[in-house]
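Note sheet for the following structure.
Remember, predicted model here, so these are calculated numbers, not experimental data.
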Amino acid sequence: MKYVDRPELGEHATFVPNKKLPVYNWFYYKEGFSRDIVFHLIERFQIGKGNTVLDPFAGSGTTLLACKEKGIDSIGFDASELAVFASNVKIGNYDLENLREEAKFIFTRKFFRLDTSNAPSIAKRAFSKFALEDIQFFRGNIAEIENKNFFLLGLVNAAMKVSYVWKDGGVIKFKKHPAPPLRHLYRRIIKNMIKSLEKKMPETSIDTKNISSRAFVGDARMLKLENESIDAIITSPPYLNNIDYTKVYAIEEWIAGLEDRPAIRSWIGHTKSDITADGRPMTSVGTAYFEDIKKALEEMFRVLKKGGKAAIIVGNAYVNGEIINSDEVLAKQAEKIGFTTKEIDVVNKRFALEERTKKKGILRESMIILEKN
Ligand SMILES: C[S@@+](CC[C@H](N)C(=O)[O-])C[C@H]1O[C@@H](n2cnc3c(N)ncnc32)[C@H](O)[C@@H]1O
């Protein structure tokens, strides 16, 4: 396997640069990567107009939005209904005049208090009584307009900023603190969201309205796509040892009205079979995880056209005293399926830590470049 150090891409394998980018920052997705890694790959793979890019683990839609900005068709799937909701709001086409009218309706309507006693207990812990009343009030207003999801995503964003929630790995924790009134913050956020559309996206000299981009709730292990229908794949699966996404986003889901369970219940990651009795992951090198990854790779191979390229960003893991080189395992799995591994770009390196301080080796975060010959 050919490993190439590319530390210049390291930051872009994280969501951090997206936080400053209009539209990309409409929804904070800790697990996401950034626009520029997609731009880099579009150029490197020479993807252009008329091609279709797939992201089978689309998350908050970074691949789809970046492709849209470049005038390239794309399609994404994600098991999380919230992620798909956020992606589709971000890649949507809007009539600005209509949005302004709806904003006026939402923010000039006289405030009235709604009963918050039937809010789920997690929401009651997450918000002050006033914030909860505002959420209920605005959700009622949003129910009466056309661009519901646009305004709901803004509400999710604003509400999380005034919430008592902080996320510690895979766990939601609560800490009360003084917070500004949600109403004002929400108005400002919506104003900025509309403004970022007015300015159009920075890269956009292209008419993006006719570009096909869409995210669907779906399972990367069973893609609803024809054989050999995709030109390139840009994606990042969940990392081994990663968090249970469903739990951490429960509050956002409630605000967006997605409290129903997602259609797909199996998540790539640990399953019961590789968790020990005391709840820790087993050293069985994440058997269930790699079985799932294999299925996802087989699907990628099936839907990719001959000559098509795939970039898969993945991080290695430290599990029960053992370093697991997911990048290497994944590349080997891909080769068995029929892919050629062109290169493994190492974009980040960090220490594997035990008890938070003891260094046990190096963990890579890599971008695996594959080709279907
Ligand atoms: C590392 S994140 C991808 C983030 C994305 N690149 C972005 O910029 O937002 C992995 C995603 O895989 C999704 N996922 C987990 N299991 C899945 C499955 N079986 N099929 C499709 N998506 C799945 C998770 O919900 C999560 O959004």
Side-chain angles (χ1 to χ4, degrees), residues 12 14-30 32-36 38-39 58-72 74 82-109 111 131 134-135 137-163 179-211 213-215 252 255-257:
H12 300 292
T14 73
F15 194 79
V16 176
N18 272 0
K19 287 208 253 176
K20 291 209 180 88
L21 295 174
V23 190
Y24 290 88
N25 63 8
W26 285 0
F27 180 64
Y28 176 64
Y29 205 51
K30 197 171 181 291
F33 50 48
S34 284
R35 179 193 71 181
D36 287 7
V38 183
F39 281 1
S60 59
T62 312
T63 302
L64 310 185
L65 185 55
C67 283
K68 186 174 176 181
E69 281 190 83
K70 293 285 186 191
I72 296 161
S74 64
L82 179 73
V84 171
F85 155 82
S87 296
N88 283 329
V89 174
K90 285 159 72 176
I91 57 182
N93 292 325
Y94 300 95
D95 174 336
L96 287 176
E97 206 36 56
N98 200 357
L99 287 180
R100 284 189 210 106
E101 283 295 314
E102 292 183 336
K104 207 160 150 196
F105 167 78
I106 283 188
F107 294 112
T108 52
R109 208 169 181 209
F111 177 75
D134 281 357
I135 294 171
F137 170 70
F138 285 119
R139 287 210 318 181
N141 290 357
I142 292 169
E144 294 183 32
I145 60 175
E146 191 190 320
N147 291 292
K148 292 182 179 53
N149 290 350
F150 177 90
F151 285 91
L152 274 176
L153 188 66
L155 186 60
V156 168
N157 197 338
M160 293 320 286
K161 287 202 165 78
V162 303
S163 79
L182 173 56
R183 253 172 267 185
H184 303 319
L185 185 64
Y186 181 37
R187 183 198 277 260
R188 209 165 61 232
I189 283 177
I190 289 294
K191 209 170 144 195
N192 285 337
M193 284 171 74
I194 296 177
K195 219 193 252 166
S196 56
L197 288 175
E198 279 164 357
K199 271 196 247 158
K200 284 258 195 152
M201 292 179 229
E203 293 291 317
T204 309
S205 51
I206 309 155
D207 178 16
T208 55
K209 281 223 158 65
N210 298 319
I211 303 303
S213 47
R214 183 96 194 137
E252 287 91 332
I255 299 167

Practice item. Could you go through the side-chain contact (heavy atoms from CB on, under 4.5 Å) check for E144 and F105 one step at a time? Key: CA-CA 10 Å; E144 294 183 32; F105 167 78; 3.7 Å; yes

Check your understanding: Do Y94 and F150 have ring centroids that are under 6.0 Å from one another?
Key -> yes

Revision key, fill the gap. Rounding to 0.5 Å, atoms NZ (K70) and CD1 (I211) come to a distance of 12.5 Å

Check your understanding: Would you find a donor on one side and an acceptor on the other, under 3.5 Å apart, between the side chain of E252 and the backbone of L82?
Key -> no

Point to revise | Main-chain N/O of W26 paired to N157 side chain as donor or acceptor, under 3.5 Å | key: yes

Exercise for review: Sort out for me which residue in T63, L65, L21 forms a side-chain contact (heavy atoms from CB on, under 4.5 Å) with R35.
Suggested key: L21

Review point. Can you tell me how far the CZ atom of R109 sits from the NZ atom of K104, to the nearest 0.5 Å?
Key: 15.5 Å

Exercise for review: Would you sort out whether F107 and R183 count as a side-chain contact (heavy atoms from CB on, under 4.5 Å), showing the intermediate values?
Suggested key: CA-CA 8 Å; F107 294 112; R183 253 172 267 185; over 6 Å; no

**Study point:** Exam field: side chain T14 to backbone V16, donor-acceptor pair closer than 3.5 Å
**Key:** yes

Check your understanding: Within the distance-only criterion (no hydrogens, no angle test), does the side chain of Y186 pair as donor or acceptor with the backbone N or O of F151 below 3.5 angstrom?
Key -> yes

Check your understanding: Is it true that F27 and F15 have ring centroids separated by less than 6.0 Å?
Key -> no

Check your understanding: Is the backbone of K209 close enough, under 3.5 Å, to the side chain of N93 for a donor and an acceptor to pair up by distance?
Key -> yes

**Study point:** N/O donor-acceptor pair under 3.5 Å between N149 side chain and V89 backbone
**Key:** no

Practice item. Would you check if the side chain of N88 reaches a backbone N or O of A215 as a donor-acceptor pair within less than 3.5 Å? Key: yes

Review point. Counting only N and O atoms by type, is there a donor-acceptor contact under 3.5 Å from the side chain of S87 to the main-chain atoms of G61?
Key: yes

Check your understanding: Is the closest basic N to carboxylate O distance between E198 and R100 below 4.0 Å?
Key -> yes

**Study point:** Whether K90 side chain and S60 backbone form a donor-acceptor pair below 3.5 Å
**Key:** yes

